[in-house]
Amino acid sequence: MRLQDKDMSVSLLNYGAITQGWWIDDTPLILGYGDPQAYLNDPFYHGAIVGRVANRIKGAGFDLEGTRYRLNPNESANTLHGGTEGLSRQIWTLQQLSDREAVMSYLSPDGEGGFPGEVRFVLHVSLNFPNLIYTITAQPDRPTPISIAQHNYYTLGSPVGVQDFSLRIDAGHVLETDAQGVPIGNLQDVQNTALDFTHPGRPGKNIDHFYVFDSDRDAQQPIAAIDAANGLGLRVFSDQAGAQVYSAGSLGAPFHAGAGLCFEPSGYPNAPNISAFPGMVFSPERPYHQTLTLKLTGT
């Protein structure tokens with residue numbers, strides 16, 4: 001399915017609610033496969049909606065209300081992006097489609113991937129030049145952890161990728177992780193380190209960290225700015241606690257390492273196992289909601 005507004009267009013798939021392409025005129029703004037079949041075995045989650053819980057859960061399990069839940073491990077002994085039965089591996093139902101908007105839904109049954117409760121997920125994608133807006137809601141039938149991320153790799157028309165970018169993030173800390181990239185519960189100050197993007201800087205190919213957004217940020221201002229040498233830029237607005245920032249250093253063929261920057265707003269990774277982290281348990285009385293707005297500049 002394809003959305004169009006002025007010179008901007010977006011291509012969507014109902015498998016994984018994937019954003020296959022985003023263009024201004026004929027300039028591609030994200031990485032994507034031309035053949036939809038390629039997404040069936042894609043280990044890099046290109047353009048997908050990932051969850052039920054995005055990012056990593058240590059030991060593929062967690063405790064909730066006195067019960068231990070065992071999840072599907074898919075990255076060593078841990079669960080990544082919801083495991084083998086995550087949202088990115090499901091067929092979503094198209095509910096509504098117009099020139100500039102698409103609505104897809106997915107009903108995740110109780111126990112899918114090991115997670116408790118039935119959850120109805122709804123994704124609303126809106127193209128309103130120069131903005132691309134993702135609104136994600138989830139209605140569970142009982143308490144369960146939910147944390148969704150949108151997984152585009154942004155190129156902004158640059159064939160070089162991240163080494164051609166300037167990046168700024170309103171985040172003075174990242175989450176400290178173990179050797180497997182799973183947060184252990186501590187915040188790490190980025191000041192005077194290679195991870196400091198509180199002022200614009202060039203990201204290298206080895207960034208793969210969860211940035212904790214500054215609590216005193218102005219919600220009306222972008223949480224991040226990505227600018228390419230060709231003059232195109234992206235302003236990211238998010239209502240989430242932080243974002244995994246991945247500079248695609250291990251990205252595989254047909255793309256090269258560092259070909260795009262993945263900026264994934266979500267709740268804290270591994271939060272179901274760390275009581276000090278902000279909670280991500282939602283319920284019938286407290287449904288899940290996230291809005292991600294991407295504003296293209298330089299057009």
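Any value given below was found using the heavy atoms of this structure, including those in side chains, with hydrogens, waters and symmetry copies removed.
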Got a sec, which residues hit ring-ring contact (aromatic ring centres under 6.0 Å, His included) with [X], two or more places apart in sequence or on another chain?
{"X": "F277", "answer": "Y268"}
{"X": "Y45", "answer": "H81, H151"}
{"X": "Y33", "answer": "Y39, H46, F255"}

Given 3.5 Å as the limit, does a donor-acceptor pair link the side chain of [X] with the main chain of [Y], or not?
{"X": "S283", "Y": "P143", "value": "no"}
{"X": "T155", "Y": "L31", "value": "no"}
{"X": "S147", "Y": "G267", "value": "yes"}
{"X": "E176", "Y": "G185", "value": "no"}
{"X": "S88", "Y": "V50", "value": "no"}
{"X": "N270", "Y": "I57", "value": "no"}
{"X": "S266", "Y": "A149", "value": "no"}
{"X": "Q4", "Y": "K6", "value": "yes"}

Is there a side-chain contact between [X] and [Y] (heavy atoms, below 4.5 Å)?
{"X": "P140", "Y": "Y288", "answer": "no"}
{"X": "Q150", "Y": "Q290", "answer": "no"}
{"X": "V174", "Y": "T193", "answer": "no"}

Identify, with sequence neighbours excluded, every residue that meets side-chain hydrogen bond (donor to acceptor under 3.5 Å, both in side chains) alongside [X].
{"X": "T84", "result": "N72"}
{"X": "Q139", "result": "none"}
{"X": "D208", "result": "Q244"}
{"X": "T291", "result": "none"}

Filter on salt bridge (Lys or Arg N to Asp or Glu O under 4.0 Å), then keep only pairs touching [range], sequence neighbours left out; what's left?
{"range": "residues 283-299", "answer": "none"}
{"range": "residues 258-276", "answer": "none"}
{"range": "residues 215-234", "answer": "D227-R235"}

Is the Y106 ring parallel, tilted or perpendicular to the W92 ring (thresholds 30°, 60°)? tilted
Shortest non-hydrogen separation from [X] to [Y] and the atoms involved:
{"X": "F282", "Y": "I146", "answer": "CE1-O, 3.4 Å"}
{"X": "A102", "Y": "L97", "answer": "CB-CD1, 3.9 Å"}
{"X": "P28", "Y": "W23", "answer": "CA-CD1, 3.6 Å"}
{"X": "Y154", "Y": "I30", "answer": "CD2-CG2, 3.6 Å"}
{"X": "L3", "Y": "S98", "answer": "CD2-O, 3.6 Å"}

Treat each ILVMFWY residue as a node, draw an edge where side-chain heavy atoms are under 4.5 Å apart, and state whether F115 and V281 are in one component.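 Looking at the clustering, V281 is in the same group as F115.
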ILVMFWY cluster, L12 and I148 together (side-chain gap under 4.5 Å): yes
Around atom CG of N186, are there more than 12 heavy atoms of other residues, nucleotides or ligands at under 6.0 Å? yes
Flag yes if more than 12 heavy atoms outside D63 fall under 6.0 Å of its CG atom; otherwise flag no. yes
Pair up each side-chain donor or acceptor in residues 156-171 with any protein partner under 3.5 Å, not counting sequence neighbours, and list the distances.
unit_1	atom_1	unit_2	atom_2	d
S158	OG	V160	N	3.1
S158	OG	G161	N	3.1
S158	OG	D164	OD2	2.8
R168	NH1	D170	OD1	2.6
R168	NH1	D170	OD2	3.4

Could you list the donor-acceptor pairs under 3.5 angstrom formed by side chains in residues 118-134, with sequence neighbours left out?
unit_1	atom_1	unit_2	atom_2	d
Y134	OH	T19	OG1	2.8
Y134	OH	N152	ND2	3.2

Option among I49, L13, D42 that satisfies the side-chain contact (heavy atoms from CB on, under 4.5 Å) test with I18: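 For I18, the side-chain contact (heavy atoms from CB on, under 4.5 Å) test succeeds with only one of I49, L13, D42, which is L13.
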Set out, in order, the CA-CA distance, both residues' side-chain angles and the distance that settles side chain to side chain donor-acceptor pair (under 3.5 Å) for D25 and T27, then state yes or no. CA-CA 6 Å; D25 294 319; T27 300; 6.0 Å; no
